[in-house]
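Residues: numbered from 1 along the sequence shown.
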Amino acid sequence: MLTAHHILLDGWSVPLLSGELFALYDADGDESVLPPVPPYRDYLAWLAAQDQAEAIDAWRNCLAELNGPTLVAPDLGAHRDGDSAGGESALPGMLVETLPVDLTRSVVARARSLGLTMSSVVNACWGLVLGQLTGRDDVVFGGTVSGRPPELPGAERMIGLFINTQPVRVRLAGGTPVREVVRSLQDRQAELVPYQYLGLSEIQRSVGSGVLFDTMAVFENYPLDAENLERAAAGLGAVSGGTVDATHYALSLAATLRGDTCTVRLDHLNDAFGAADAERILARFVRALAAFAAAPERPVGTIDLLAPDERALVLTEFNSTDTARTDANVVELFAAQARRTPEALAVITDERTLTYAELDAASDRLAGELTGRGAGPERLVAVALPRSADLVTGLLAVLKSGAGYAPIDPAQPAARIAALLADLAPELVLTSAATADARPELGDRPVLADRPETWRDEPVRRHPVGPDNVAYVIYTSGSTGRPKGVVVTHAGLANQLRWLAAAHPVGPDDVVLARTAVTFDAAGWELWLPLLNGAAVALAPAEVGREGADLVAFVERVGVTVAQFPPSLLAALPAPSGQHRLARVFAGGEALPVALARDVARDWGVRVVNLYGPTETTIQVTSMTWTPDDPEPRTVPIGRPVAGTRIYVLDAALRPVPVGVSGEIYIAGAQLARGYLGRAGLSAERFVANPFGPPGSRLYRTGDLGSWRRDGALRFQGRGDDQVKVRGFRIELGEVAAVVADHPDVDRAAAVVREDVPGLRRLSPTRWPGRAARRRPRTSWSTPAASRPSSWCRPRWWFSTRCR
């Protein structure tokens with residue numbers, strides 16, 4: 001047995017050393033039988049004479065504009081999908097596969113016909129695998145070079161450490177043919193041959209980076225006189241031999257070609273990848289080789305490395321949900337419930353209550369007024385009402401008229417309201433008398449929801465409303481500075497409410513807290529789920545909905561059993577007293593920390609449910625009830641698709657990514673919105689053709705990043721763009737910056753999210769020196785977060801033309 005530290009010799013040196021050792025044994029230790037070899041100090045002298053600055057410049061150019069390191073296991077020790085032994089051994093696991101002879105010959109022949117080396121092919125195919133593992137089209141990994149300069153006489157016969165591990169960068173633009181990816185890689189590597197002596201630590205320092213990669217690949221191709229070695233070893237009585245080595249990288253690939261035999265070895269750290277994971281990764285590499293051999297002109301974006309069973313898992317099995325239910329709309333379902341429980345409480349506020357019969361009658365009368373004034377299907381009614389029983393009556397009345405409602409916050413600045421009304425072009429504006437007097441921008445002929453004496457006594461004209469008709473329009477933040485109205489259909493809303501009623505049923509004994517502002521889509525289920533199932537809606541006043549102690553006191557006072565809070569607000573709420581009736585708490589809008597879910601479930605004595613869904617997909621599209629045995633280390637998964645909905649996690653080429661790999665979340669199914677009001681181009685950009693569904697079906701591109709767990713639950717992993725969530729509010733920083741920049745005292749502006757206090761995210765405007773810097777701003781941009789008023793982080797601030 002021969003053991004050596006790598007600092008003494010490399011893989012090229014091993015057969016040289018073994019040959020000399022066997023020759024010495026055969027000659028009884030007579031050193032004269034060994035040929036003279038140049039000393040290792042010659043190499044050290046050559047190394048010292050090289051131009052370090054020139055090499056650094058070459059590597060900087062090679063790695064220019066690289067978007068961060070390529071890490072497949074950034075959190076070593078966080079077990080990956082539960083199918084490995086979890087670090088039972090310090091040595092990595094090892095898989096070895098000998099490729100079929102036909103495949104080997106095809107790859108070698110194709111490479112030769114294109115003037116490409118096998119080393120370049122191996123590296124490019126490993127780059128394809130890494131691109132799929134990381135969801136990136138520009139990857140970097142470690143590659144081993146011989147380090148033996150051809151200009152140094154006798155370098156090929158020296159024994160010592162010459163090899164060097166250096167970055168190998170592979171760019172995988174989706175439309176580039178795979179042969180061009182290999183050729184481009186080979187050309188870049190050839191340009192770097194004169195600078196292969198520069199150490200990895202120097203390269204990483206030169207580009208201002210720490211660790212650049214945690215995988216490596218090598219095509220082993222060094223001189224090996226196997227026949228002479230075997231002959232010499234046989235004389236000593238040795239009949240077989242082998243080598244054992246290891247690296248510290250999460251994944252290490254080595255390919256060796258001997259004649260028609262190509263052997264591929266994949267080492268994997270057990271606390272990063274289990275044996276099953278490694279087998280799948282090695283199989284993808286083999287499929288990449290086969291794709292190159294079969295069709296080198298094929299664009300890399302069309303090469304799918306998933307095995308058929310992996311593809312079926314993420315596309316079909318994880319989306320095996322119940323059929324969509326869109327056969328009835330809110331009006332029909334409410335009418336049926338009102339007939340069943342006419343005397344039950346429907347709406348609870350601090351000022352008054354309404355029974356189902358009273359709400360039905362009041363909304364009928366108001367709907368008659370609306371239809372008499374032109375409301376109907378495919379027309380919009382803007383609803384600008386304070387939080388009161390009239391608000392619930394008004395929203396239901398709009399739906400009864402056949403029109404769609406578009407909620408507007410009457411507390412927003414006049415310019416914001418005017419802009420929304422101009423975009424909506426509503427048939428009518430429904431508001432209160434006090435709001436109409438205070439906000440002239442609502443128009444001079446509004447419908448007054450709190451003045452029934454002004455309504456005409458006309459019966460409701462029931463217009464046929466189809467599943468594709470608009471139910472409501474909710475405005476979300478826009479990256480260009482202009483908010484966009486999401487058009488949600490009755491089919492989407494009906495499916496959402498049917499699923500909620502089945503998955504999280506409520507009944508006559510329940511009181512559901514309606515805390516969310518109706519200008520946000522999450523308010524929809526807080527209102528309609530209870531009203532369609534015999535429960536009561538407890539409408540929290542606006543000032544109560546944002547304060548911790550007052551909100552909990554309201555929950556206790558009215559006997560709330562079901563409530564929804566964004567995690568940032570939930571973390572700030574005191575636990576209810578022992579007298580509360582709260583049984584279920586829903587969290588959404590932000591990542592839900594495991595510690596928070598555990599504390600709320602334990603201290604409040606409730607069931608915690610995590611929800612996820614963009615406005616464009618009608619409230620919620622995934623759900624997961626937290627349990628103490630969930631293995632997630634930091635945040636609760638957002639769960640599995642709801643009924644009638646399908647979730648896809650795709651890469652930039654719309655290919656499904658494997659389990660555990662991050663990609664963009666796409667959503668299909670019954671709950672997709674129609675699009676953005678009056679913005680066909682933006683709708684076409686975000687609602688794209690669905691390659692996995694029937695002709696004409698669509699996918700919504702969420703911009704959210706996620707990954708599948710092995711059990712089919714979805715992890716949320718942040719955003720792929722500049723959109724952020726602050727206290728559950730969806731905000732485009734571009735819109736914030738655009739509005740601030742419109743101020744006459746501001747030259748240029750940017751907006752960022754700050755988290756000066758852990759868990760408390762705030763928008764922070766930033767002001768550059770410029771023309772405006774010569775004028776005194778109306779307010780300080782550098783106010784410490786701790787001294788700002790609480791209204792600082794409310795989204796409505798950003799739409800004001802003056803800083804408060």
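Scored by the ring pair (Phe, Tyr, Trp, His ring centres under 6.0 Å) test, F586 finds H504, W525 as partners (sequence neighbours excluded). For A375, the side-chain contact (heavy atoms from CB on, under 4.5 Å) criterion is met by L370, V381, S401, A403, L428, not counting sequence neighbours. Applying the ring pair (Phe, Tyr, Trp, His ring centres under 6.0 Å) criterion to F565, with sequence neighbours excluded, gives no partner residue. Applying the side-chain contact (heavy atoms from CB on, under 4.5 Å) criterion to A643, with sequence neighbours excluded, gives D322, W499.
Between the T393 side chain and the A389 main chain, a donor and an acceptor come within less than 3.5 Å of each other. Within the 3.5 Å criterion, the main-chain N or O of G466 finds a donor-acceptor partner in the side chain of N469. Looking at Q671, its side chain does come within 3.5 Å of a backbone N or O of Q620 through a donor-acceptor pair. The closest donor-acceptor contact from the side chain of T454 to the backbone of R451 lies under 3.5 Å.
By the 4.0 Å N-to-carboxylate-O rule, R674 lies close enough to E378 to be salt-bridged with it. Using a cut-off of 4.0 Å between Lys/Arg side-chain N and Asp/Glu carboxylate O, D630 and R598 are scored as not salt-bridged. Comment: E369 engages R373 in a salt bridge, judged by a side-chain N to carboxylate O separation of less than 4.0 angstrom. A salt bridge is defined here as a Lys NZ or Arg NE, NH1 or NH2 lying under 4.0 Å from an Asp or Glu carboxylate O, and D350 with R557 meets this definition. With salt bridges taken as basic N to acidic carboxylate O contacts below 4.0 Å, one links R352 and D390. For the pair D364 and R462, the salt-bridge criterion is met [side-chain N within less than 4.0 Å of a carboxylate O].
Contacts classified as side chain to side chain donor-acceptor pair (under 3.5 Å) and involving residues 426-443 (residues at least two apart or in different chains) are given here: S432-T435, R439-E441. Among residues at least two apart or in separate chains, side chain to side chain donor-acceptor pair (under 3.5 Å) pairs with a member in residues 576-585 are E556-S577.
Other residues, nucleotides and ligands place no more than 12 heavy atoms under 6.0 Å from the CZ atom of R445.
In summary, of the residues considered (E685, R686, E616), a side chain to side chain donor-acceptor pair (under 3.5 Å) with Y676 occurs for E616 alone.
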